[in-house]
Protein chains: 2
Amino acid sequence: MRKTIVAYAVALAALIWLLKWLEFRFMVRDLSLEIYLTILAVFFTVLGIWAGLNLTRKKIVTITLGPDFILNEFELNKLGISKREHEVLEWMAKGLSNQEIADKLFVSLNTVKTHTSNLFLKLEVSRRTQAIQKAKQLRLIP
Amino acid sequence: MRKTIVAYAVALAALIWLLKWLEFRFMVRDLSLEIYLTILAVFFTVLGIWAGLNLTRKKIVTITLGPDFILNEFELNKLGISKREHEVLEWMAKGLSNQEIADKLFVSLNTVKTHTSNLFLKLEVSRRTQAIQKAKQLRLIP
DNA sequence: AAATCCTTCACCCGAAAGGGTGAATTGAAC
DNA sequence: GTTCAATTCACCCTTTCGGGTGAAGGATTT
């Protein structure tokens, strides 16, 4: 960045010197002052635009996508869903039957049924498919 | 955009005229030509930078996310799922019972059960929760 | 015309899911 | 130590779901 500024300064000084040199060399003095100034102004305006673009164009936009699932613990507490119930909910969403969930968690089928019943009450649904749908919507499961 | 260019042109002309006027008014001619030119150059460089920024800063980055669901018709055909079956699948995924789907489609419960049975065969699953999961994974439903 | 597929519906049976009630155990909180 | 929520399990009953079989009508293709 500092390097760029120095480079521009040097270029500017060199150009001014060049102009003065041309002035004597080719008798630019003969031209009307207005035209002379206009050329100078336009030249430096263009230079400025170019410089301005180069100073800002390098802003690289980096979009970082975070993990696509963040557990909504607030809803979880709000609905009063316990750890075990949430666990059952996760397996349920993976398409397991109550019996399979019971085997996974090393508990009886009746226990799983109790958990599912409580889940349906807390989620205000009456079928497991609806429970899964609502739980996904509320970000309780991926 | 055209308006902006015209505005800049007018401003430039006005400034040049102002400089020439100042020249006679305050005998700027007495100052060294180098200083005079430098001031002019710096001024127009700054003007150019400002103009350049204004011409480009308004590039608004619009990230348009397309519809997040595109039906995978290839899989649909590959698995041989019919229109009606797909329709049943959609309602199923919304958490409706077979009876509710039957009411929605104005057919009997038995018909819906036939469709679901065929769906399970084609999707190679044995429960509706699994069917929904697999169908979503294969992009057959949103 | 025959074959094929889709759609519709029926009946039967067993398995799974859902709803209700009750109760024992445990661990944390008061 | 008592209260409370969470977890565990049991029993009952009804509804829903899933699997199997069969069949009739319609559209499309061969």
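Quick caveat, the model's predicted, so the values are computed rather than measured. Numbers restart at 1 for each chain; the letters A, B, ... are given by sequence-line order, proteins then strands.
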Length of the line joining [X]:[atom1] and [N]:[atom2], which is rounded to integer Å:
X: B:Ile81; N: C:dT7; atom1: CD1; atom2: P; value: 12 Å
X: B:Leu105; N: C:dC9; atom1: CG; atom2: P; value: 10 Å
X: B:Asn110; N: C:dC13; atom1: CG; atom2: C1'; value: 14 Å
X: B:Phe120; N: C:dA16; atom1: CZ; atom2: C1'; value: 12 Å
X: A:Met92; N: C:dG18; atom1: CE; atom2: P; value: 7 Å
X: A:Arg84; N: C:dT26; atom1: CZ; atom2: P; value: 16 Å
X: A:Leu119; N: C:dG18; atom1: CG; atom2: P; value: 11 Å
X: B:Lys83; N: C:dT8; atom1: NZ; atom2: P; value: 11 Å

* **Pairwise side-chain contact, A:Ile101 with A:His115, heavy-atom cut-off 4.5 Å (strictly under)** =>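 No, too far: nothing below the 4.5 Å cut-off.
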Tell me whether [Y] is reachable from [X] by hopping between hydrophobic residues (I, L, V, M, F, W, Y) whose side-chain heavy atoms are closer than 4.5 Å.
X: A:Ile132; Y: B:Leu140; result: no
X: A:Leu71; Y: A:Leu79; result: yes
X: B:Ile141; Y: B:Phe74; result: no

* Asked: Can you give the first and last nucleotides of DNA chain D, 5' to 3', that have an atom under 4.0 Å from a heavy atom of chain A?
  ->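 Under 4.0 Å from chain A, the extent on DNA chain D is D:dA6 to D:dC17.
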* **Given C:dT7, C:dC11, C:dG19, the nucleotide with the shortest approach to the side chain of A:Ser126** =>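 The answer is C:dG19.
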* **Interatomic spacing from CG in B:Asn98 to CE in B:Met92 - rounded to 0.5 Å** =>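 Reported to 0.5 Å precision, the distance equals 6.5 Å.
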* Asked: Does B:Asn72 reach the main-chain N or O of B:Leu138 with its side chain, forming a donor-acceptor pair under 3.5 Å?
  ->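 Looks like yes, one N/O pair under 3.5 Å.
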* Asked: Is the backbone of A:Gly80 close enough, under 3.5 Å, to the side chain of A:Lys122 for a donor and an acceptor to pair up by distance?
  ->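 Present.
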* **For DNA chain D, the residues among residues 127-142 of chain B that have a non-hydrogen atom under 4.0 Å from it** =>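 Heavy-atom contacts with DNA chain D come from B:Arg127, B:Arg128.
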* Between A:Asn98 and B:His115, name the one whose nearest nucleotide on DNA chain C is closer to the 5' end. =>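 Here B:His115 is the residue nearer the 5' end.
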* To do: Select from A:Lys122 and A:Ser108 the residue whose nearest nucleotide in DNA chain D is closer to the 5' end of that strand.
  =>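 Here A:Lys122 is the residue nearer the 5' end.
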* **Residues B:Glu90, B:Lys104: salt bridge by 4.0 Å N-O rule** =>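 No, no charged N to carboxylate O under 4.0 Å.
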* **Residue pair A:Asp103 / A:Gln99, side-chain donor-acceptor N/O under 3.5 Å** =>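 Judged by distance alone, the side chains do pair up.
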* Side-chain N or O of B:Thr111 less than 4.0 angstrom from OP1 or OP2 on C:dC9? ->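 Yes, within the criterion.
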